[in-house]
Amino acid sequence: MSPRLTALSRLVRAAAWLSVGTLVWLSWIPRDWEARTSLPGQVEHAIAYGGTAGLFVLGYGAGLRWWRIGVPLTVLGVVMEIGQRWVPGRTAQVIDAMASGSGALLGALGGTIVAHYLLKPEPPFR
């Protein structure tokens with residue numbers, strides 16, 4: 001792997017872990033602190049977890065099985081939802097956990113497909 005690609009990979013990995021921290025923060029802040037988009041909450045969940053999964057796949061390479069990223073992020077989404085029971089003004093909803101998990105799995109699968117084509121080794125010169 002070239003030094004430039006290695007540096008980019010490290011940057012994407014850092015962004016992926018920063019995204020996990022952001023997911024935890026946004027999941028467990030009180031309702032009064034929230035800033036929402038105009039999208040339905042479940043769509044926000046799916047996009048956030050899908051994007052995070054995609055970053056992990058791109059950062060760690062297409063050789064990593066998609067479910068090894070999707071499943072732990074799905075578990076994270078469930079844990080974050082359960083934890084909202086103790087956050088003022090927040091509620092835990094099964095549909096939100098399902099949206100997070102779906103986004104994580106689809107993001108990991110989609111990221112694997114994209115990474116397969118982007119990170120394909122170049123053929124040697126003949």
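Since the model is a prediction, treat every value here as computed from it, not as a measurement. Position 1 is the first residue of the sequence; numbering continues from there.
In the hydrophobic cluster analysis, where Ile, Leu, Val, Met, Phe, Trp and Tyr join through side-chain heavy atoms closer than 4.5 angstrom, L76 is grouped apart from V78. Linking ILVMFWY side-chain heavy atoms closer than 4.5 Å, directly or via other members, places V75 and M80 in a single hydrophobic cluster.
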Report, one line per pair, each donor and acceptor closer than 3.5 Å where one atom sits in a side chain of residues 15-26; sequence neighbours left out.
from, atom 1, to, atom 2, distance (Å)
W17, NE1, Y60, OH, 2.9
S19, OG, A15, O, 2.9
T22, OG1, L18, O, 2.9

Throw together a table of side-chain donor-acceptor distances under 3.5 angstrom for residues 45-59, partners on residues two or more places apart or in other chains.
from, atom 1, to, atom 2, distance (Å)
H45, ND1, S100, OG, 2.9
T52, OG1, A48, O, 2.8

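Counting only distance, with no hydrogens or angles, the side chain of E34 and the backbone of I29 share no donor-acceptor pair below 3.5 Å.
To the nearest 0.5 angstrom, R65 atom CZ is 9.5 Å from T112 atom OG1. One finds the CG atom of D96 at 4.5 Å from the CD atom of Q42 (value rounded to the nearest 0.5 Å).
Within the 4.5 Å cutoff, no side-chain heavy atoms of Q93 are placed close to those of M98.
Pairs passing the side chain to side chain donor-acceptor pair (under 3.5 Å) check and including a residue from residues 66-88, sequence neighbours excluded, do not occur.
Heavy atoms of other residues, nucleotides or ligands lying less than 6.0 angstrom from CZ of R31 number more than 12.
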